[in-house]
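Computation of the quantities below employed the complete heavy-atom set of this structure, encompassing side-chain atoms and omitting hydrogens, waters and symmetry-equivalent molecules. As the structure is a prediction and not an experimental result, all values here were calculated from the model.
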Amino acid sequence: MPPAHDRLRTPDERPRPGSPVVVFGDVLDDIIVMPRTADPAGTETAATIRHRAGGSAANTAAWLGSLGVDVSFAGRVGTADLQRHAQLLANAGVSARLAYDAHDPTGTVVITVDGASRTMFTDRGAGASFGPDDVPDDLVSRAGLVHFTGYTVAQSRSPVALRRLLGRAREVGALVSVAPGSASVVRRFGPPAFLAAVEGADLFFPSRETALELTGFEQPSESAEALARRFGVVAVVADDGGATVATQGLPPVTVDGVATRWVDSVGLVDAFSAGFIAAWATSRSLGVAGRSGARAAARAAGVAGGRPPS
C-alpha cells in the first residue's frame, strides 16, 4: 500500500477500469529541423530534417494506444492525407475517426530544435475548423475519460462548444483530461480566460513553463499546488520528463525523469500524459502514475518527433 500522501483521494476519481479513452483535437504533419552548425540566419545551413506525424492530441492518442489503452481519436485532416493518417494512428493501436477537408490541407508544424530549445512555426490547416461539437456522440457515450489540449481551447471561437462537450462527458460519467500546451498559446489566450475555459478538469498536464504562465509561481511544487485547487490532479511536467504531481490537500509528489537517450523534446508532455493516464486507470498512486508518465516521456525523448517508435 503506498503512503497516504501518495494516493488519490477516492476511487471515484479514476476512469472505470478498461473503459475507453477518447482524444480529440490536432493531428498534424511535423517537419523537424536540427541544424548541424551554428551558422547565422540568412545563410544556407546544414541540418538533419525529419518528417513525422504529429499534433499534440494525436501524439497522446498514439502513446496511449502503444501502451495498450483502448483509445479513439477524432480530428480533421486534408482529403489527400485521410488514409495515411488513419493508418499511422491504427499502427499505434488507435481507432481513428477522422473528418476531412477538401479545401484546406492537413496542418503542418515546422519545428527547429537546438539542444533543449525549440521553435515552432504552425499552420493548423484543416484542423483549425475541428471543434468540440464535431466529436461523435457515440465515442463520448462510451468513454471513461475524454482528453484534449490547449490548442483546441485556443482555436475555439467561443467556450460554449467546449462546455457542451464537457457536459456530454459528465453525463456519461467520463472524466476530463487537459494538456494546456505551450506557454505562448496560454499567453495569447489569456491565463485567466484559459483557466476558466477548462475549470474542473480531473487531470491537468502543463509543462513547467506553462504552469508558470498560468500561476506566476517559479517552483513546480507551488504551481502544482495552486493548480490543484482548480483541478483534480495536476502533473507539472519537467524538461527532463519527470514531474511534480499534486492533488488538493496532500503534499506534492516529485517524480524524476528517467531518459537515458535524448534526441528531442517533441511530444514529451504528450507521452507523459499518456503514461500517467494509462497507469491512473488502475492505480490510486500519484507516484505510480507519475513514474509511468516519466517512462513514456523517456521513450519520447529517445526518438525524433512526438509519436512512439513503430
Side-chain angles (χ1 to χ4, degrees), residues 20-33 49-66 69-111 118 120-140 142-143 146-157 161-162 164-165 168 177-182 185 264 266-267 269-271 273-274 300 303-310:
V21 174
V22 173
V23 182
F24 73 94
D26 51 329
V27 52
L28 307 167
D29 287 315
D30 288 349
I31 301 173
I32 303 168
V33 181
I49 300 174
R50 297 288 182 264
H51 294 248
R52 296 287 187 269
S56 179
N59 291 346
T60 304
W63 284 105
L64 284 165
S66 75
V69 175
D70 180 355
V71 56
S72 297
F73 175 80
R76 178 172 284 134
V77 297
T79 304
D81 296 317
L82 180 62
Q83 294 302 321
R84 175 172 64 89
H85 272 289
Q87 187 61 57
L88 287 169
L89 286 164
N91 291 347
V94 180
S95 175
R97 192 78 64 87
L98 297 180
Y100 58 90
D101 194 311
H103 303 289
D104 290 324
T106 302
T108 300
V109 182
V110 178
I111 306 168
R118 61 182 183 175
M120 304 171 70
F121 303 88
T122 305
D123 178 353
R124 302 225 163 262
S129 59
F130 186 89
D133 284 339
D134 297 314
V135 182
D137 283 331
D138 67 297
L139 293 185
V140 178
R142 60 189 289 268
V146 175
H147 178 87
F148 60 93
T149 73
Y151 303 106
T152 293
V153 179
Q155 71 191 27
S156 298
R157 296 179 178 86
L162 183 58
R164 274 197 297 266
L165 184 131
R168 289 158 62 195
S177 170
V178 181
S182 70
V185 167
D264 64 48
V266 178
V269 176
D270 306 329
S273 303
V303 297
R307 298 281 181 93
S310 56

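Tyr151 meets the ring-ring contact (aromatic ring centres under 6.0 Å, His included) test with no other residue; sequence neighbours excluded. Asp133 is linked by a salt bridge (Lys or Arg N to Asp or Glu O under 4.0 Å) to Arg164, counting only residues two or more places apart in sequence or in another chain. For Arg97, the salt bridge (Lys or Arg N to Asp or Glu O under 4.0 Å) partners at least two apart in sequence or on another chain are Asp138. With sequence neighbours excluded, the residues satisfying ring-ring contact (aromatic ring centres under 6.0 Å, His included) with Phe24 are Phe148.
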Can you give each donor-acceptor pair under 3.5 Å made by side-chain atoms of residues 51-58, sequence neighbours left out, with the distance rounded to 0.1 Å?
residue, atom, partner, partner atom, Å
Arg52, NE, Ala304, O, 3.2
Ser56, OG, Asp270, OD1, 2.6

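Judged purely by atom type and a 3.5 angstrom limit, Thr149 has no side-chain atom pairing as donor or acceptor with the backbone of Ala179. Side-chain N or O atoms of Gln155 include one that pairs as donor or acceptor with a backbone N or O of Phe130 at under 3.5 Å.
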(message) Evaluate Leu89 against Arg307 for side-chain contact (heavy atoms from CB on, under 4.5 Å), listing each step before the verdict.
(response) CA-CA 10 Å; Leu89 286 164; Arg307 298 281 181 93; 4.0 Å; yes
(request) Mind running side-chain contact (heavy atoms from CB on, under 4.5 Å) on Asp264 and Arg118 for me, showing each step along the way? (result) CA-CA 9 Å; Asp264 64 48; Arg118 61 182 183 175; over 6 Å; no
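The distance from the CG atom of Asp101 to the CG atom of Asp81 is 11.5 Å, given to the nearest 0.5 Å. Here the OG1-CD1 distance, from Thr108 to Ile31, works out to 6.0 Å after rounding to the nearest 0.5 Å. One distance of note links CD1 of Ile49 with CD1 of Ile32; it measures 11.0 Å at 0.5 Å rounding.
In this structure the side chain of Leu98 reaches within 4.5 angstrom of the side chain of Phe73, judged on heavy atoms. In this structure, Arg142 and Asp70 have side chains that are in contact, with non-hydrogen atoms separated by less than 4.5 Å.
Closest approach of Leu139 and Val22 over heavy atoms only: O-CG2, 3.4 Å. Heavy-atom minimum distance, Val94 versus Ala61: CG2-O, 3.2 Å. Taking all atoms of both residues into account, the shortest heavy-atom contact from Leu64 to Val21 is CD1-CG1, 3.8 Å. Across every non-hydrogen atom of Ala86 and Ala96, the tightest pair is CA-CB, 4.2 Å. Pairing each heavy atom of Ser129 with each of Ala126, the nearest pair is OG-O, 3.1 Å. For Arg168 against Val135, the heavy-atom pair with the smallest separation is NH2-O, 2.6 Å.
Legend: side-chain hydrogen bond (donor to acceptor under 3.5 Å, both in side chains) pairs involving residues 24-33, not counting sequence neighbours, sorted by first then second residue: Asp29-Arg84, Asp29-His85.
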